[in-house]
Undergrad: 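First the structure, then my questions, so here it is.
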Amino acid sequence: MTGGPAEPVLSVEGLEVHYRVRVPGQRGKVTARAVDGVDLVVHAGETLALVGESGSGKTSIANAVMRLIEPAAGRIVFDGIDLVPLRGRALRKMRPHFQMIFQDPFESLDPRRTVLDTVMEPLVINGIGESADDRRKLALVALARAGLTPPERMGARFTHQLSGGQRQRVAIAAAMILEPALVVADEPVSMLDVSLRAGILTVMADMRDRLGVAYLFITHDLSLAWMFADRIAVVYLGRVVEEGTSADLIDSPAHPYTRALVSVIPVPETSRDAQRTVLSGETPNPSAIPSGCRFHTRCPLYRELGEPARCREVDPMLAEVHSVVGGHRAACHFIDQQGVS
Ligand code: SF4
């Protein structure tokens with residue numbers, strides 16, 4: 001499906017997602033800029049984690065990439081084709097190549113269907129397989145790959161008879177059966193018991209190695225992103241404020257927001273200093289994005305520097321941070337004043 005290892009499988013350019021919302025104390029509805037100019041690139045076989053707090057816009061990015069919601073602006077280029085103008089049949093033709101795993105395995109599967117029917121459904125919809133027997137064989141392979149063994153016995157069960165972890169494995173098998181180039185995984189383990197999470201991530205990593213699938217991995221958990229992703233993009237109030245390889249971003253976070261997130265990762269062996277930074281206040285409402293740097297209302301560095309006017313007046317763009325491997329960028333006017341090596 002992809003043109004080669006250097007070709008991005010997904011390229012998002014200037015993405016914006018707006019919602020019309022009611023705000024207490026105001027008449028009528030106002031525009032909330034949930035995603036406010038996001039660029040992303042995911043290469044074949046690569047995992048890019050989108051990390052941010054609740055309300056950062058990361059799920060809106062995921063839903064826009066999947067074409068489940070309409071962007072207000074921007075391009076979503078998948079394997080060289082912009083998905084945004086596609087409608088109807090043209091979009092349906094592309095769908096087998098990009099699939100989604102949802103957060104809630106209890107809601108995303110129909111409890112009245114058997115596991116086998118659930119996993120075979122994408123084949124039926126896309127007319128893949130010469131016969132029902134062909135599709136059954138493919139579904140059994142997909143179940144075995146997802147760790148649902150023995151697949152014949154698991155396939156005969158109804159999804160409501162399964163545990164949360166087993167349901168998420170069914171969702172993974174159904175997402176992978178068409179061997180997509182890209183899977184968008186929206187908090188795929190956050191609703192599962194901690195003891196089940198590693199098993200699901202191992203299955204997903206195995207699919208990546210075996211099938212070369214790329215992941216856009218949405219999570220609020222920076223330590224999970226660090227473990228699972230090749231690269232991380234940190235999202236704050238609808239914008240990517242820092243991106244880089246997972247190692248670079250965790251070892252040398254450049255943006256004050258990332259530094260605060262890294263400082264509370266409960267792992268002692270990182271090279272960061274041990275001081276925790278607890279951010280004050282809540283993420284502002286996307287219907288009232290602060291002027292200049294959108295993080296200035298919570299930024300510890302802004303306060304340390306004596307509240308420079310530039311932070312309130314000029315919106316910082318992503319700029320290259322010096323790093324060993326390159327591709328490390330952050331959106332802060334004062335990157336150099338944080339001792340980034
Ligand atoms: S530009 Fe100013 S407010 Fe924004 S992150 Fe940098 S120091 Fe903080």
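Every value quoted in this text rests on a predicted model; they were computed, and no experiment measured them. Note that ligands are numbered from 1 as they come in the structure, with each ligand's atoms numbered from 1 the same way.
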Undergrad: Against heavy atoms of Cys332, which atoms of ligand 1 measure under 4.0 Å?
TA: 1 (S), 5 (S), 6 (Fe), 7 (S)
Undergrad: Examine all N, O or S atoms of Cys311, backbone included, and report whether one is under 2.8 Å from atom 2 (Fe) of ligand 1.
TA: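 Yes.
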Undergrad: Going by distance alone, is a donor N or O of one side chain under 3.5 Å from an acceptor N or O of the other, for Asp221 and Thr219?
TA: no
Undergrad: If the cut-off is 4.0 Å to any non-hydrogen atom of His255, which atoms of ligand 1 fall inside it?
TA: 5 (S)
Undergrad: Quick check: does His296 put an N/O/S atom under 2.8 Å from atom 6 (Fe) of ligand 1?
TA: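 False for His296.
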Undergrad: Atoms of ligand 1 less than 4.0 Å from Cys293 heavy atoms?
TA: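 The atoms of ligand 1 under 4.0 Å from a heavy atom of Cys293 are 1 (S), 3 (S), 4 (Fe), 5 (S).
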Undergrad: Is there any ring-ring contact (aromatic ring centres under 6.0 Å, His included) pair reaching into residues 228-251, and which pairs are they, with sequence neighbours excluded?
TA: Tyr215-Phe228, Phe217-Phe228, Tyr236-Tyr257, Tyr236-Phe295
Undergrad: Is Arg208 reaching over with its side chain to a backbone N or O of Ala214, donor-acceptor style, under 3.5 angstrom?
TA: no
Undergrad: Say whether Ser11 and Glu13, considering side chains only, have a donor N or O and an acceptor N or O under 3.5 Å apart.
TA: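 Short answer, yes.
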Undergrad: Show the atoms of ligand 1 that are less than 4.0 angstrom away from any heavy atom in Cys299.
TA: 3 (S), 5 (S), 7 (S), 8 (Fe)
Undergrad: With atoms numbered from 1 as shown, which atoms in ligand 1 lie under 4.0 angstrom from a non-hydrogen atom of Phe334?
TA: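 Contacts of ligand 1 toward Phe334, numbered from 1: 7 (S).
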Undergrad: Checking side-chain polar atoms at under 3.5 Å, does Arg312 have a donor or acceptor matched by the opposite partner on Tyr302?
TA: yes
Undergrad: Where on Arg310 is there a heavy atom closer than 4.0 Å to ligand 1, on the side chain, on the backbone, on both, or on neither?
TA: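 The answer is neither.
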Undergrad: Indicate yes or no for a side-chain donor-acceptor contact from Lys29 to the backbone of Val21 under 3.5 Å, with no hydrogens or angles considered.
TA: no
